[in-house]
Structure formats: C-alpha cells, structure tokens
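All ligand and atom numbering here is 1-based and tracks the order in the structure. Because only heavy atoms are used, hydrogens play no part in the values below, and waters and symmetry mates are left out as well, while side chains stay in. Keep in mind that what you see is a predicted model, and the values were worked out from it rather than measured.
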Amino acid sequence: MKVLVATEKPFAAVAVDGIRKVVEDAGMELVLLEKYASRGDLLAAVADADALIIRSDKVDAEVFAAAPKLKVVVRAGAGYDNVDLAAATAHDVCVENTPGQNSNAVAELVFGLAVMAARNMYDGTSGWELRGKRLGIHAFGQVGRNVARIARGFEMEVSALDPFCPDEVIAAAGVKPVRSVEELYADNRVVSLHIPATDETRRSVGYDLITRLPKGGVLVNTARKEVIDEEGLARALADRQDLKYVADIRPDNADKLLAEFPGRVFFTPKKMGAQTAEANINAGIAAARQVVDFLVNGVDKYRVNR
Ligand code: 3PG
C-alpha cells in the first residue's frame with residue numbers, strides 16, 4: 001500500500017519522520033511530495049496512491065479521477081473546505097480530518113496578532129493592553145476553546161457565539177454565551193473569527209458586522225479569507241479609521257488594503273497558524289494513524305463525507 005503525503009506547505013521534518021514511522025511500521029510505503037510546483041505533479045503522484053495525507057492542498061474531482069486506487073484522504077488539520085467531498089463520495093473515497101490536533105498553535109497566533117494590533121503594529125507609539133478588554137469568539141470549536149483558555153491568562157472578558165454549541169458548554173469554559181452575531185461584534189473590542197468556510201458562511205462577515213465593533217476594535221482572522229466580504233471590509237476600514245484587521249490569510253485585495261490603510265491591517269505572508277513543529281507532529285501523526293486504521297481496520301471515526 002502506498003501512502004502519499006502531498007503538502008505544498010511542508011510539515012516540519014520531525015513530523016515527517018513520525019509519519020514515516022507510523023506508515024512503515026504498518027508495512028506500508030511512504031511517498032513524499034512536498035512544495036510541489038504544479039498541479040501536474042500532484043496528479044501524477046496520486047496515480048498509484050492508496051491513501052493521501054494533505055494540508056490545505058486542493059483535492060478536487062480532477063485529483064480523484066487521477067487516483068483510481070485511492071481509498072482514503074486525511075486532511076492533517078481541521079478545515080476541509082479544500083476537498084471536494086461530493087467527488088470523494090462519488091469515487092468511494094473516505095475523507096477525514098484530524099480535529100483539535102493543531103488548534104493550540106492557531107489559538108496562540110490569535111494572540112500574536114491581537115497584541116500586534118493593540119501595540120499599533122509595533123510602530124513605537126503607545127498602544128493598549130488586552131487585560132480587562134472584551135474578547136468575542138466567533139464559533140466555539142477546538143480553536144475557539146483554546147483561544148478562551150489562553151484569554152484567561154490575559155485577564156480578558158470572554159464571550160462566544162456558536163449556534164452549534166450548547167450554552168452550557170460555553171459557560172462551563174468560563175465564557176459568556178452570546179445570542180446574536182450582531183451582539184458579538186458590537187460588544188467586543190477584539191473579535192476572533194473561527195467559523196469554517198461553508199456555503200452559509202462565505203462572505204458572511206462584511207461591512208455591517210465589522211462597523212458594529214466598538215471604538216478601536218480589532219478583527220482577528222485565523223480562519224479563512226472566504227468568510228470575509230472583502231469589499232465590505234475595505235469600506236468598513238475606510239469609514240471607521242479606528243478599526244484594525246489582522247489576519248493569517250492574505251485577502252485577495254491585500255495590496256489595496258495595505259496601501260490604503262497602512263498600520264491598520266496586517267497579513268502573514270503564508271497561512272501559518274498551524275505551522276509549528278508541535279502542530280505538524282500532532283496533526284501529521286494523527287493523520288498517519290487514521291490512514292493506517294482505515295486501511296487495516298476500516299475505522300472511519302473522523303470521516304467527514306458520507
Ligand atoms: C486547518 O484548517 O487545520 C488550518 O487552517 C491549518 O491549515 P494548514 O495545515 O494548511 O496550515
């Protein structure tokens with residue numbers, strides 16, 4: 001059996017070593033395709049793969065069509081909006097993710113970005129402290145929960161909105177459950193986005209919500225650029241000179257935003273919330289174990305397509 005690890009953005013070497021050990025201990029072969037330059041490389045590599053481990057790599061109908069032996073795809077990470085689930089199901093391929101394995105890394109970056117915004121992008125002027133400020137968590141999944149945990153250390157007042165999470169779960173984490181998305185944005189100096197990119201959420205955070213932020217508000221996005229209405233964001237930043245937007249994902253209008261709002265927007269050069277050795281090891285090895293468990297035992301506990 002061949003297990004292909006195809007990562008345009010590679011795991012740390014130590015994580016690859018761990019993945020290799022899990023795969024080879026199970027009597028399977030590991031094939032590594034890192035930093036591939038073209039889609040053709042991916043299409044060629046999947047031709048004889050039984051299993052595929054990916055990160056944000058795009059796996060669409062064309063990839064499934066090029067992979068006749070493929071049985072399982074594990075996205076080493078949380079979001080699987082990069083995988084065409086319908087095409088996977090049509091090709092009888094199981095798709096899984098590894099929930100929670102990289103969430104602390106992303107949550108830590110939320111505070112890296114929030115502090116940067118609060119300190120005026122480190123331009124030397126007086127900024128403000130997170131302590132005592134209100135933090136709104138937009139979706140209380142694995143990353144949101146880690147954000148809440150870390151926020152306690154900063155002594156922030158934390159609230160969260162998540163229609164899919166019972167209020168008791170949010171309250172048990174010491175977080176105030178919020179009723180509406182409008183309230184979440186209006187009541188919090190810092191809002192941190194953790195909604196997945198789905199048909200319902202795409203472009204769902206735009207001018208109306210962003211301009212509800214209180215004076216000096218900061219929107220932190222370590223989720224997906226697709227959930228932002230980028231034109232609405234640009235208008236909000238133009239109308240409200242006090243707001244800042246800091247993100248782990250370069251929006252399509254990044255150059256325009258950087259030119260028009262210097263010191264008020266920041267984007268990491270490459271999505272790097274989950275880019276730590278620890279997250280790579282946790283998510284990568286979990287993915288390898290899930291691949292083996294699926295191929296050997298038929299276990300599909302983390303399956304996301306049916
Ligand atoms: C995720 O969905 O797990 C994160 O966005 C991390 O994505 P990455 O593996 O491409 O860094």
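In terms of protein heavy-atom proximity, atom 10 (O) of ligand 1 is nearest to Ser56 OG, 2.5 Å. Residue, atom and distance of the protein heavy atom nearest to atom 5 (O) of ligand 1 are Lys271 NZ, 2.6 Å.
Each of the following atoms of ligand 1 lies closer than 4.0 Å to a heavy atom of Arg224: 1 (C), 2 (O), 5 (O). Interface of Ala274 with ligand 1, defined as ligand atoms under 4.0 Å from a residue heavy atom, comprises 6 (C), 11 (O). Within ligand 1, counting atoms from 1 as listed, the ones closer than 4.0 Å to a heavy atom of Asn102 are 1 (C), 3 (O), 6 (C). Of all the atoms in ligand 1, the ones that sit under 4.0 Å from a non-hydrogen atom of Gly79 are 1 (C), 2 (O), 3 (O). Applying the 4.0 Å criterion to heavy atoms of Gly77 picks out, from ligand 1, the atoms 3 (O).
The residue among Arg75, Lys270, Glu8 with a heavy atom at the shortest distance from atom 1 (C) of ligand 1 is Arg75.
Using a 4.0 Å cut-off between heavy atoms, Gln275 makes no contact with ligand 1 at all. Contacts between Asn97 and ligand 1 below 4.0 angstrom, taking non-hydrogen atoms only, are absent altogether.
Using a 4.0 Å cut-off between charged nitrogen and carboxylate oxygen, Asp167 and Lys176 do not count as a salt-bridge pair. At a threshold of 4.0 Å, the pair Asp48-Lys69 does not count as salt-bridged, since none of the basic side-chain nitrogens sits closer than that to a carboxylate oxygen. In summary, Lys2 and Asp50 do not engage in a salt bridge, as defined by a charged side-chain N under 4.0 Å from a carboxylate O.
Within the structure, no pair that satisfies the ring-ring contact (aromatic ring centres under 6.0 Å, His included) test touches residues 274-305, not counting sequence neighbours.
Within the 3.5 Å criterion, the main-chain N or O of Leu237 finds a donor-acceptor partner in the side chain of Arg264.
Contact between Met272 and ligand 1 is absent, with no heavy atom of the residue lying under 4.0 Å from the ligand. Ligand 1 has at least one atom lying under 4.0 Å from a heavy atom of Lys9.
Under the rule for a salt bridge (Lys or Arg N to Asp or Glu O under 4.0 Å), the partners of Asp25 that lie at least two apart in sequence or sit in another chain are Lys21.
Close N/O approach between Val106 and ligand 1 is not found [any backbone or side-chain N/O within under 3.5 Å]. At least one N or O atom of Ala78, backbone or side chain, sits closer than 3.5 Å to an N or O atom of ligand 1.
Of the residues Lys9, Glu8, Arg224, Lys271, the one that meets the side-chain hydrogen bond (donor to acceptor under 3.5 Å, both in side chains) test with Ser56 is Lys271.
Between Phe140 and His194, the distance from one ring center to the other does not fall under 6.0 angstrom.
Open room surrounds CZ on Arg289; 12 or fewer heavy atoms of other groups in view lie less than 6.0 Å from it.
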